[in-house]
Every structure is written in C-alpha cells, then in structure tokens.
Chemist: 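So that we are looking at the same thing, I have put the structure below in structure tokens.
Atoms considered below: every heavy atom in the structure, side chains included; atoms not considered: hydrogens, waters and symmetry mates. Numbers for residues simply follow the sequence, beginning at 1.
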Amino acid sequence: MSITEKSEREDLGAAGAQLSTAPADTLAETPALGVLGWLRWMWRQLTSMRVALILLFLLSLAAIPGSLVPQHSDQLKVDAFRAKHPTVSPFYDKIGLFHVYSSPWFAAIYILLFISLAGCIVPRTWQFVGQLRSRPPHAPRNLTRLPAYSTWRTDASPEDVTEAARKALRGRRFRASVTGTSVAGEKGYLREFGNLLFHVSLFGLLIAFALTSLEKAEGGKLVVEGDGFVNNLTQYDDFSGGTLYGADDLQPFGFDLDSFDQKYATSGPEKGTALEFKANIHYYSGTDGKPVKGEISVNHPLSIGGEKVYLISHGYAPVVTVRDAKGNVLKSIVPFLPQDTALTSVGVIKVPDALGKDGKPDQLGFRGIFTPTFALDSVRGPHSSFPTLQYPALILNAFHGDLGLDSGAQQNVYQLDTAHMKQFTDSSGQLVSKAMKPGDTMTLPNGAGSLTFDGVKTWASFTVSHQSGNEAALVSGVGAILGLAGSLFIQRRRIWVRAVRAEDGVTVVEMGGLGRSESARIADEIGDVALQLLPDAPVRPEGEPPAEAGTPADAEATADAETTAVNDDEGARA
C-alpha cells in the first residue's frame, strides 16, 4: 500500500478500516526496551505471514535430502550407500540425513511453522467473527475522497432515497445498515473466509502429514500360488513400523493367493509388453471372518482390515524334488527373482538337511537361472525371450559342503554362500551343470543324490501398508484450493449512499465505494446501483425549480434524468 493510499484510508476512519483481518507488518518496527518488548516483537514476527511463508519454504528445502538420501526405513539401501560412500557417510550420520523426517532440525522447522500458523489463525478468526457480528461502518464525512464516487440531485425525499438504496443493496446481497438518511452496505466477506480457510487447511495438511509419518507402517511378502499370508510380524519378509504404529498394532486379517493372471502383447513392436497383472485371492478380516473372493491389480489395491494391500511384482517358482545320498526326499517350491522384462530369473535352492553316503551332514546347494521361454545365443547365453511359460527351462550348478546357515550370521535366502562349499565335478573334471525342462532330473556324481524339475508355479509380491491421515490430507487439500480461489477472486467492498436535503429543498444523493484493493469492479457496482435507484430517485434537470412535494416529474424530465445518471455512472467507472 502506497503512502498516499495509506493516508487516505486513515482519513476515512472506521469506514476504511477492517477490510482485511491480516495483521499489520511490524518487521521494520523496533521493539520497546525490555524483555517483554522484545518477546512481544518476536512473537509478532513469528506469527506474521512473511515468516510463515519463509518457514514453509525452508520446510520444502529440508525435505529434499529425504528424497535423495536413503532413509532408515530401508536399511538395506542405507547400508549400501554407506559401503559405496564411506567418506561422507559419517558426516551424514552426524547431521541426520539418514533419518531426515525425525531429525531435530526438521522437527524444529515443522514445530515453528505450526506455532506460526496457529498464532496467525486464532486472532484473525476472532477478528473475522467480530466483523460478521458488527454492522457496516457509517458513511465517512467526505465521500468524494473514495476511489469511486457519484452524485446527483433529485426531487425525491431523503427518506424515499434511503429506503430505495437499502432495498437495492439488500437485493445485491450486501449487508445493509441504515443510519438517518444514509445507508452503508458491505459485501465480499467470503474473501476473508477463504483466506482463513486456506490457512486452516494448510494447518490441517501439516497435521495430516505428521500423522502419516508417525503412524506409517509397511511390510512386504512374497506369496506363491496356492499359499497364503497372515498379518503377523513373523509372516513378513521385511517390515518397518512407525513411531506410533508397530508390530503390536497389526490388524488381524489374511488372504490366500488362488491364481495369478498375466497378459502380454504377442506380436507387433509392443511384443512382450504387459497388458494385465491380476492376483486372484480369498481374504478374511478378523479372527473369525469368512473368506471373501477378491482381486488385486496394479494401481488398484485392496483394503483389508483397514490396511491397503498392493500388488508389487510377480515371477516364477520352480517346483523341485531333491534326494540326498541316503535317499531322503525334500520337495521344495523356490521363488526365482526376475532380472529383465522377459522374466529371466535367478535363484538358489538350499538343502540344509542333506546327508552324504557316509551318513554325515553334507549340505547341498543349487544356483542357476530359470527361463519361462528358453533361448540361447552367444552374447547373452541362456535367457528368456518371452515372459510367459512357452518353453520353461531350469539351468543349475550344484554345490555341496557347508551352507553357512549354522554360523548365526544373517543370510539372504536368494543368495548362495559358497565360501565353504565345493562345486560338483564329473569323472572328467568338468563342473556339473544341466539345463532341464519339466520332468528332467539332474543326477549328482558319486551317488550324492539328485534333483528333479517337477514344474512351475507363479508367485506374487505384495506390500501391506498402513497410513493414517490420508483422508484428512485430502480434505485439507481441497479446502486449501477452495480457500485460495475465494481469497483471489472475491473482492471485499463497501458502498455508501447518503441523501441530504439541500438549502433549495432539492435532495442531493451521494454514492461512494471502497474496495480492499484497487479494482474497476467497485466503480461498476456503484454504476449498477445508481441505475437501479433512478426510478425512485430520478435526476432533476438543472435550472428547473423544485417540484412540489408529492408531484411526480413529467416524462421529459424523467428521460433527461436517466440520461444524466448514465453519464454520471460512466464518469464513476472511468
């Protein structure tokens, strides 16, 4: 606001005040001496809109490292980052970049933004409620100082003009108040309501994000066709809980994977492109819930027991039968992990209870590749040319010795530790390796046992996610958009109409308007109200003697009056 405009608003007194609930900008003001003065000044700065915007910007900047640097919620990625960057990792640990959202500096910005918004919202809301309960301020002494102004003379009485003005303003949804022979009208309260709604919604978004972070929990589970899952910590392949949500808060539910549907393009340039992935399940909620048929597809999770179950990936699990040297039989379904879009997969098969010919433990291990549609070339070697089971093949290498499972160290189920194992060799010293199709058997040398490739099953990987605050975030986001639209497109404005009897007995009608910001809209609205008043307060032609009370003006005078009013209106708009 310019110095001149500020001076004009001060001259208008109460009429130019309280068009906004925004607090005054006191950033340049010096606080009074003393501790209380400094505290009062700092509180005003913290609750100002300028500081709130700065804090919001700082919060956005502080969240960037959380997207670029691995977080403790995925410890494997954090460990991999530390191994790859041993120099900067200790520094990242000190400043909390591996747990950004729970770091003290991030929490400090978050809490300050909370306090700033709360300190801004509460007084503005109280002030806005006071404005709603009060009447529009009386007309200022000099309406000519207003940005939009119009006047004319009429033979109608001041009381008739006042009543007609009140009806016209009420018809235009103005809050009208009559004081003597002047009418005050005010409109556009939704602008301040929208402003407050935006700030309250932003406050709600912060609360929703905080709840989402504190109560977020997520776990992954790979389920083979025909098997099931129960929402228990021991059933998860990996699980990360939140501050307010842990293993004890898991809801009782479960599901069984009945089958998995997958479709791919079979011809053209898009050959091999996925068209459909869908997991067909039966699920139940609660300890005694009845199984219900359902399906989960990509981007279409299923809500079970208040949790969201997402379909993440899928692949194949070879079904094998392993016999050790003593003839002990082990049937196993082993998921292999895809490495490309054609689902060329790698995996391992571990037999920790296998015995040698002498009856002593001699653990067996197999490592290899599974291909849904087998292909072979000199560049890629064995691989899959299409993701469906058109020509399945299992290519394995065989090992024996100590799998390392009894050492107590954690071991990846999809990797084979061969540090204490030897690969089988045949009578000619060649490493034992075989490519098998369903029904084939790999016979180990020296009677050490065998492995039979019985068939293939499909597996699907699911993520079970618990998130609180999503609905609150959605409502707050919609409220913020609506509030911002209202504060941008609705104008707070006031119009005054004053009718005063002049010394010659003619009524002088004055109209003035004031908007929260400079805009042609207030001038347009004054012109519309003036035109609406003309039938009740026609313009009196210049030079004509005052009409007798109760005598209507003739038709020619009325026509001239309307022309003059229109000209005055156009001047007001200009």
Chemist: For a 4.5 angstrom cut-off between non-hydrogen side-chain atoms, does Leu514 reach Pro147?
Modeler: yes

Chemist: Can you list every salt bridge (Lys or Arg N to Asp or Glu O under 4.0 Å) pair that touches residues 90-101, not counting sequence neighbours?
Modeler: Arg82-Asp93

Chemist: Going by salt bridge (charged side-chain N to carboxylate O under 4.0 Å, His left out), name the residues that satisfy it together with Asp160, two or more places apart in sequence or in a different chain.
Modeler: none

Chemist: Could you check if a side-chain atom of Asn470 sits within less than 4.5 angstrom of a side-chain atom of Leu474, using non-hydrogen atoms only?
Modeler: no

Chemist: Counting neighbours of OH on Tyr189 that are heavy atoms of other residues, nucleotides or ligands and sit closer than 6.0 Å, is the number greater than 12?
Modeler: yes

Chemist: Apply side-chain contact (heavy atoms from CB on, under 4.5 Å) to Val100 and Val69, showing your working.
Modeler: CA-CA 9 Å; Val100 169; Val69 180; 5.9 Å; no

Chemist: Starting at OH of Tyr236, measure out to CD of Glu218 and round the result to the nearest 0.5 Å.
Modeler: 10.0 Å

Chemist: Tell me the salt bridge (Lys or Arg N to Asp or Glu O under 4.0 Å) pairs involving residues 232-241, sequence neighbours left out?
Modeler: Lys221-Asp237

Chemist: With Arg141, which residues qualify under side chain to side chain donor-acceptor pair (under 3.5 Å), at least two apart?
Modeler: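 Once residues adjacent in sequence are excluded, Arg141 has no partner under the side chain to side chain donor-acceptor pair (under 3.5 Å) criterion.
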
Chemist: Under the criterion side-chain contact (heavy atoms from CB on, under 4.5 Å), I'd like the reasoning laid out for Phe114 against Ile207: C-alpha separation, chi angles, the key distance, then a yes or no.
Modeler: CA-CA 9 Å; Phe114 262 107; Ile207 295 177; 3.4 Å; yes

Chemist: More than 12 heavy atoms of other residues, nucleotides or ligands under 6.0 Å from CG of Asn412: is that the case?
Modeler: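 Yes, because the 6.0 Å sphere around CG of Asn412 holds more than 12 heavy atoms from other groups.
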
Chemist: Side-chain contact test, heavy atoms from C-beta onward, threshold under 4.5 Å: evaluate it for Ser465 versus Tyr310 and give yes or no.
Modeler: yes

Chemist: For His466, enumerate each residue passing the ring-ring contact (aromatic ring centres under 6.0 Å, His included) test, keeping only those at least two apart in sequence or located in another chain.
Modeler: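 ring-ring contact (aromatic ring centres under 6.0 Å, His included) list for His466, sorted by chain: Tyr245.
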
Chemist: Would you please name every residue forming a side-chain contact (heavy atoms from CB on, under 4.5 Å) with Glu276, sequence neighbours left out?
Modeler: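 Once residues adjacent in sequence are excluded, the partners of Glu276 under the side-chain contact (heavy atoms from CB on, under 4.5 Å) criterion are Lys263, Lys278.
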
Chemist: How would you list, by chain and number, every residue that makes a salt bridge (charged side-chain N to carboxylate O under 4.0 Å, His left out) with Glu510, sequence neighbours excluded?
Modeler: Arg498

Chemist: Can you find a pair of side-chain heavy atoms, one from Phe174 and one from Glu525, that are under 4.5 Å apart?
Modeler: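 The answer is yes; the side chains approach within 4.5 Å.
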
Chemist: Between Tyr264 and Phe277, is the ring centroid distance below 6.0 Å?
Modeler: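 Yes, the ring of Tyr264 comes within the 6.0 Å limit of the ring of Phe277, centre to centre.
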
Chemist: For Thr341, what residues pass the side chain to side chain donor-acceptor pair (under 3.5 Å) criterion, not counting sequence neighbours?
Modeler: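 If we apply the side chain to side chain donor-acceptor pair (under 3.5 Å) test to Thr341, skipping adjacent residues, there are no hits.
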
Chemist: Looking at residues at least two apart in the chain, or sitting in another chain, which of them share a salt bridge (charged side-chain N to carboxylate O under 4.0 Å, His left out) with Asp340?
Modeler: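 Result, salt bridge (charged side-chain N to carboxylate O under 4.0 Å, His left out) vs Asp340: Arg380.
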
Chemist: Report the residues that fulfil side chain to side chain donor-acceptor pair (under 3.5 Å) with Thr234, sequence neighbours left out, ordered by chain and then residue number.
Modeler: Asn232

Chemist: Spell out, as yes or no, whether a donor-acceptor pair under 3.5 Å connects the side chain of Gln251 to the backbone of Asp249.
Modeler: yes

Chemist: What residues, two or more places apart in sequence or in another chain, satisfy salt bridge (charged side-chain N to carboxylate O under 4.0 Å, His left out) together with Glu163?
Modeler: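 In terms of salt bridge (charged side-chain N to carboxylate O under 4.0 Å, His left out), with neighbours along the sequence ignored, Glu163 is linked to Arg166.
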
Chemist: May I ask you to check whether Tyr110 and Phe209 place their ring centres under 6.0 Å from each other?
Modeler: no

Chemist: Report yes if the side chains of Arg492 and Glu192 come closer than 4.5 Å at any heavy-atom pair, otherwise no.
Modeler: yes

Chemist: Checking Gln532 now: which residues fulfil side chain to side chain donor-acceptor pair (under 3.5 Å) with it, not counting sequence neighbours?
Modeler: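 In terms of side chain to side chain donor-acceptor pair (under 3.5 Å), with neighbours along the sequence ignored, Gln532 is linked to Arg172.
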
Chemist: Should Pro252 and Tyr284 count as side-chain neighbours, where that means a heavy-atom distance under 4.5 Å?
Modeler: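 No, too far: nothing below the 4.5 Å cut-off.
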
Chemist: With heavy-atom distances below 4.5 Å as the criterion, would you say the side chains of Thr162 and Val178 are in contact?
Modeler: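 Contact flag for Thr162/Val178 side chains = yes.
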
Chemist: Should Phe462 and Leu257 count as side-chain neighbours, where that means a heavy-atom distance under 4.5 Å?
Modeler: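 In contact.
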
Chemist: Give me the atom names and distance for the closest heavy-atom approach of Ser285 to Phe253.
Modeler: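 Closest pair (atom of Ser285, atom of Phe253, distance): CA-CB, 4.0 Å.
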
